[in-house]
Amino acid sequence: MSGKREDYLSWDEYFMGVAKLSGMRSKDPNTQVGCCIVSQDNKILSMGYNGFPIGCSDDDFPWAREGDDSLETKYVYSTHSELNAILNYNGGSLAGAKLYVSLFPCNECAKAIIQAGIKEVIFECDKYADTASVVASKKMMDASGVRYHRYQRTNREIQIQL
Ligand SMILES: Nc1nc(=O)n([C@H]2C[C@H](O)[C@@H](COP(=O)(O)O)O2)cc1CO
Ligand SMILES: [Zn+2]
């Protein structure tokens with residue numbers, strides 16, 4: 001009896017797990033998003049989470065969602081996890097890659113995903129499905145042949161001691 005372990009992580013659990021772990025680096029008090037980009041042969045190429053660009057301090061720039069002045073909100077400054085993951089990659093082309101993300105990509109990230117040649121998006125949450133941003137994102141991905149589907153939860157809970 002020396003068979004293999006049976007309760008190892010599936011590929012999908014592994015990559016969505018890495019995406020969600022990356023999201024735990026986010027300083028956004030409301031929504032933490034994580035992303036993991038994977039090659040067609042299941043090698044991790046890049047990761048990212050939502051945050052401000054290098055040099056824009058998390059303590060100086062605002063994390064507010066609302067304000068009389070849009071310059072006092074996070075929206076004009078934060079870089080989305082998907083764009084960060086694309087920009088973090090310095091290994092050449094992402095053509096044909098898969099992108100795991102904890103929240104459905106917005107229209108701006110969809111443009112970057114399409115132009116980078118990423119072919120498949122696996123998302124967990126789609127809480128902004130009714131917004132113009134996500135509707136436009138899906139329209140563009142449909143037109144460009146980028147497939148997207150929801151991650152199938154297994155409800156496995158993992159504990160990591162840090
Ligand atoms: N796909 C996404 N990836 C992301 O990284 N984000 C980021 C931008 C903000 O920092 C945060 C959303 O904040 P809120 O509107 O839920 O308080 O998540 C948002 C979306 C939604 O399209
Ligand atoms: Zn985005």
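Values in this document were obtained by computation on a predicted structure and should not be read as measured data.
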Exercise for the section: For Arg156, look at atom CZ and say whether over 12 heavy atoms of other residues, nucleotides or ligands are found less than 6.0 Å away. Expected result: yes

Exercise for the section: Determine, using the 4.5 Å side-chain heavy-atom cutoff (strictly less than), whether Met16 and Trp11 are members of one ILVMFWY cluster. Expected result: yes

Problem - Pairs involving residues 77-99, ordered by first then second residue, that meet ring-ring contact (aromatic ring centres under 6.0 Å, His included) (sequence neighbours left out) - result: Phe61-Tyr77

Handout entry: Pairs touching residues 93-130 that satisfy ring-ring contact (aromatic ring centres under 6.0 Å, His included), sequence neighbours left out
Key = Phe15-Tyr100, Phe104-Phe123, Phe104-Tyr148

Practice task
Establish, from distance only, whether the side-chain atoms of Thr154 and Glu13 form a donor-acceptor pair under 3.5 Å.
Solution key: yes

Exercise for the section: May I have all residue pairs that pass ring-ring contact (aromatic ring centres under 6.0 Å, His included) and include part of residues 23-44, sequence neighbours excluded? Expected result: none

Practice task
For Gln32, enumerate each residue passing the side-chain contact (heavy atoms from CB on, under 4.5 Å) test, keeping only those at least two apart in sequence or located in another chain.
Solution key: Ser26

Practice task
Taking all non-hydrogen atoms of both residues into account, name the closest pair between Val121 and Val101 and its distance.
Solution key: CG1-CG1, 4.3 Å

Handout entry: Residues Ser133 and Asn107: side-chain donor-acceptor under 3.5 angstrom
Key = yes

Problem - Side chain to side chain, Ile37 and Ile44, heavy atoms closer than 4.5 Å - result: no

Problem - Contact summary for Glu124 and Ser102, nearest pair of heavy atoms - result: CB-O, 3.7 Å

Problem - NE2-CD distance between His149 and Glu120, expressed to the nearest 0.5 angstrom - result: 4.0 Å

Problem - Gap between atom CG of Leu45 and atom NZ of Lys98 - 0.5 Å precision - result: 10.0 Å

Practice task
Take atom CD of Glu6 as the centre, draw a 6.0 Å sphere, and report whether it contains more than 12 heavy atoms from other residues, nucleotides or ligands.
Solution key: yes

Practice task
Would you indicate whether the side-chain heavy atoms of Glu66 and Thr73 approach each other to under 4.5 Å?
Solution key: no

Exercise for the section: Please check if Val134 and Ile113 belong to a single hydrophobic cluster, counting links between Ile, Leu, Val, Met, Phe, Trp and Tyr side chain heavy atoms closer than 4.5 Å. Expected result: yes

Problem - Closest non-hydrogen atom pair between Asp12 and Tyr151, with its separation - result: O-CE1, 3.5 Å

Problem - Residues that Thr31 engages under side-chain hydrogen bond (donor to acceptor under 3.5 Å, both in side chains), provided they are two or more places apart - result: Lys127

Practice task
Of all the heavy-atom pairs spanning Glu108 and Lys111, show the shortest one and how long it is.
Solution key: OE2-NZ, 3.0 Å

Problem - salt bridge (Lys or Arg N to Asp or Glu O under 4.0 Å) contacts in which one or both residues fall within residues 67-87, not counting sequence neighbours - result: Asp28-Lys74

Handout entry: More than 12 heavy atoms from other groups under 6.0 Å of CG on Asn90
Key = no

Practice task
Report whether Tyr49 and Val18 are members of the same hydrophobic cluster (ILVMFWY, side-chain heavy atoms less than 4.5 Å apart, transitive linking).
Solution key: no

Problem - Ser22 side chain to Met47 backbone, donor-acceptor under 3.5 Å - result: no

Handout entry: Any side-chain heavy-atom pair of Asp7 and Arg5 under 4.5 Å
Key = yes

Problem - Check: Trp63 ring centroid to Phe52 ring centroid under 6.0 Å - result: yes

Exercise for the section: Answer with yes or no whether the hydrophobic clustering places Ile122 together with Ile118; edges join I, L, V, M, F, W, Y residues whose side-chain heavy atoms lie under 4.5 Å apart. Expected result: no

Handout entry: Ser144 (side chain) donor-acceptor with Met141 (main chain) under 3.5 angstrom
Key = no

Exercise for the section: Without swapping roles, check the side chain of Asn50 against the backbone of Val33 for a donor-acceptor pair under 3.5 Å. Expected result: yes

Practice task
Compare all side-chain heavy atoms of Gln40 with those of Lys119 and state whether any distance is below 4.5 angstrom.
Solution key: no

Problem - Considering all heavy atoms, the nearest Gly48-Ala85 contact - result: N-CB, 3.7 Å

Exercise for the section: For residues Ser46 and Asn88, report the shortest heavy-atom separation together with the two atoms involved. Expected result: OG-CB, 3.5 Å

Handout entry: Heavy-atom side-chain contact between Leu99 and Cys35 under 4.5 Å
Key = yes

